[in-house]
Structure formats: C-alpha cells, structure tokens
Amino acid sequence: MVKIISDSTCDLSHELLDKYDISILPLHILLGEEEYEDGQNITIQEIYDWSEAHKDTPKTSAPSIDRAIELFEPYVKKGDEIVCFSISGSMSSSGNIMRMAAEQLEAESSIHVIDSQNLSTGIGLLVVEAAAMAREGRAAEEIVQRMEELIPRVRASFVVDTLTYLHRGGRCSGLAAMAGGALKLHPRIQVTDGAMQSAKKYRGSMDKVIMSYVKDMEEDLKAASRTRVFITHSGCDREIVEQVRKYLEGLHIFSEIWETRAGGVVSSHCGPGTLGVLFIDSRER
C-alpha cells in the first residue's frame, strides 16, 4: 500500500483528510517563548490575539524529526510505501526533516519526499490528487512521476487584506505597509517557482478587491483541470466567500469546489482576511 502524508501547510480540511486517509506532520508555531504544533494545540484566533497584543508576527519552524519518525515508522514496519509532501524548500526545511527521518529509519527507498514548490492548498491540490491515485492502487513511483508533472501546473495566489502581518514578518517594508493601509492597497501574492512574488496591487474595499482578483483569473480558470478548485482563506467575511463560490459555480468548470481555512503557519504570515483561489492548469507550462 501507499500512504500519503503532508506537512501541515497543505491547509486541507478534516473532511478531506478523512476522505482520502491523509496524515499530517505539523510544523511549529512560536508565540514568544511558547511553542505549539500547527493545527494541534493552538487556534488561529489565539495566533491573531497574540500577534495583536505583542505587535509581532509569530515565528514558524519545521516539524521535529522525532515527530516525523513517529509518524513514518508504523507504515515502514508494515512494509508500506510513503509519499510525503512538504512546503516549498525555499520557505522551510520541512522536506529536509522528512528526508532525515527516512534516513534514520533506513527507509530511503520506501519514503518518497516531494518538494511541492508551493504552499497552502497549492500543496493540497497535489496531496489530494496523490491520495486519489493511492486509493486506486497506483504504485508510489507512478504517483511521484505524476506529481512531478503537476507541480509546475499548480496555480496558487491570494490577496492580502492587511500588509501589517507581512511587515511584521519582514516581508514588507514599514513604509509600504503604511502606504498600503492609507491607500487601501491589497497586493496579490502568487507562488512562482517555489517563491512568493507580488503580482498586482488592488485598491478599494475587500469585497470588490476579491471579486476583481477572481475575475482577473477567468481565462486561466477556464483552462484549469476540471476536477477541483480551492477557495482558501484565513478568516474572511462569509458574504465574500459565498460571492467567490457563486462566481466559480457560474463558470460551470469544476466538479468540486472546496472551501478551506488557512492553517496556523499561513495565517501567521498573512493575517486575517486573506483569500486565494487555487487550481491546477490543464495546459503544459
């Protein structure tokens, strides 16, 4: 059998994790001197409350190697193969931790570590596709090969409501954050070749900004893989999320439209109000 594992930055819902039998290796979130496991013993609201109280962005770090070994070992002992996914290697050493755990278990040949070159449900799209293949009885090598084909076709982007969290985390200058707040600027951030880049700046209220962002992607959405699309957000107004869902439904493209909440790592760096629409392009890059 092939077991699918991802680090916690894939931002998949419990419903999807249960449906596809996906296990999660949590990254760490540090609030001052206190350390927590992403999605395990801390809520998103607690992260936001701490950040506002301390005017700081929580630090995040890779999973512990002991936790990785603990998660992998039962499957190795059963003789199963593991395909595991990490956040982009340019953003975290999570993938290296997985490889080190495989070495310590002397299971490098049966544990296949995939650098997603992405984050959030940009990873989740790959993870769900891999899990569907595993459920069909596909071999690990076939799954890995398919993932290598899909990685450059994942389209991951999001619009940030506030620049405060990016500024606190060192990803935006103080001047840019102040200007952005005064002018109501909301940058579109997209993942390209494993790194986050600012692609466009929108201006105005968040409900109008989000719909402009989604409509800007219409041509790419029409060329997307029809299987599924994700609406992933870090706590948006319910009406905004529903507007996006209705728009995507109106395109009559996707068999599945999934809404997920961003986990602790992504939320720590992007702050509340962030929303992204993520999908796989059916075209070759």
Side-chain angles (χ1 to χ4, degrees), residues 4-17 20 22-31 35-44 46-48 51 57-65 67-68 71-72 82-99 101 113-131 147 150-151 154-158 160 165-166 169 171 189-197 230-235 258-272 274-280:
I4 305 300
I5 294 173
S6 175
D7 71 29
S8 60
T9 59
C10 67
D11 291 348
L12 293 174
S13 65
H14 290 295
E15 181 182 0
L16 280 167
L17 296 177
Y20 289 101
I22 299 161
S23 294
I24 295 296
L25 178 64
L27 273 74
H28 291 175
I29 298 171
L30 291 82
L31 305 184
E35 187 168 352
Y36 303 88
E37 287 191 326
D38 184 19
Q40 302 297 309
N41 56 358
I42 188 169
T43 67
I44 305 303
E46 287 171 336
I47 292 171
Y48 291 154
S51 187
T57 294
K59 305 295 186 291
T60 58
S61 63
S64 71
I65 189 167
R67 191 79 150 86
L71 181 56
F72 293 168
I82 297 171
V83 176
C84 49
F85 294 79
S86 73
I87 187 174
S88 174
S90 67
M91 302 178 189
S92 171
S93 59
S94 177
N96 287 336
I97 294 296
M98 293 176 175
R99 294 182 190 93
V113 180
I114 295 176
D115 179 345
S116 70
Q117 298 180 39
N118 225 300
L119 52 68
S120 190
T121 45
I123 308 169
L125 286 159
L126 299 170
V127 173
V128 171
E129 189 72 21
M147 294 306 107
L150 291 180
I151 283 171
V154 173
R155 302 292 177 258
S157 64
F158 49 95
V160 176
Y165 284 70
L166 290 172
R171 291 171 171 81
I189 309 295
Q190 67 185 34
V191 181
T192 304
D193 297 328
M196 292 191 296
Q197 298 179 349
F230 281 104
I231 306 167
T232 301
H233 63 92
S234 61
W258 289 94
E259 176 192 342
T260 73
R261 280 292 300 265
V265 171
V266 172
S267 297
S268 291
H269 294 294
C270 294
T274 299
L275 183 144
V277 173
L278 303 93
F279 56 94
I280 293 177

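The figures that follow rest on heavy atoms only: side chains count, while hydrogens, waters and symmetry mates do not. If you're wondering where the values come from, they're calculated on a predicted model, not measured in any experiment.
Each of I82, I65, I114, V113 was evaluated against M98; a single residue qualifies, V113, per the side-chain contact (heavy atoms from CB on, under 4.5 Å) test.
From F158, atom CZ reaches atom OG of S234 across 9.5 Å, with rounding to the nearest 0.5 Å. A distance of 14.0 Å separates CG of D115 from CE of M147, quoted to the nearest 0.5 Å. Once rounded to the nearest 0.5 Å, the distance linking CG of D193 with CD1 of I151 reads 11.5 Å.
A search for side-chain contact (heavy atoms from CB on, under 4.5 Å) contacts involving S92 returns L27, A62, I87, S94, not counting sequence neighbours. By the side-chain contact (heavy atoms from CB on, under 4.5 Å) test, T60 pairs with I29, V265, S268, H269, sequence neighbours left out.
Looking at every heavy atom in both residues, I24 comes nearest to C10 through CD1-SG, 3.6 Å. The minimum heavy-atom distance linking M91 with G194 is given by the pair CE-O, 3.4 Å. Nearest heavy-atom pair across Y48 and S267 is OH-CB, 3.5 Å. Shortest non-hydrogen contact noted between A156 and L278 is CB-CD2, 3.4 Å. Of all heavy-atom pairs spanning S8 and D38, the tightest one is OG-OD2, 2.8 Å. Between G235 and R261 the shortest heavy-atom distance is N-NE, 3.4 Å.
Annotation: side chain of R155 is not in contact with side chain of Q190 (no heavy-atom distance under 4.5 Å). L119 has its side chain within reach of M196: a pair of non-hydrogen atoms, C-beta onward, lies under 4.5 Å apart. When side chains are defined from C-beta on, S6 does not count as touching L12, because their heavy atoms never get closer than 4.5 Å. With a 4.5 Å cut-off on side-chain heavy atoms, E46 and Y36 do not count as touching. Looking at heavy atoms from C-beta onward, R67 lies out of side-chain contact with H28 at the 4.5 angstrom threshold. T274 places none of its side-chain heavy atoms less than 4.5 Å from the side chain of I189.
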task = Show your reasoning for whether side-chain contact (heavy atoms from CB on, under 4.5 Å) applies to F85 and I22.
result = CA-CA 11 Å; F85 294 79; I22 299 161; over 6 Å; no
side-chain contact (heavy atoms from CB on, under 4.5 Å) between I4 and Y20, intermediate numbers included = CA-CA 9 Å; I4 305 300; Y20 289 101; over 6 Å; no
task = Go through V191 and S88 one step at a time and tell me if the side-chain contact (heavy atoms from CB on, under 4.5 Å) criterion holds.
result = CA-CA 10 Å; V191 181; S88 174; 6.0 Å; no
Expected list for residues 120-131: side-chain donor-acceptor pairs under 3.5 angstrom, two or more places apart:
residue	atom	partner	partner atom	Å
S120	OG	D11	OD2	2.7
T121	OG1	T232	OG1	2.7
E129	OE1	R228	NH1	3.4

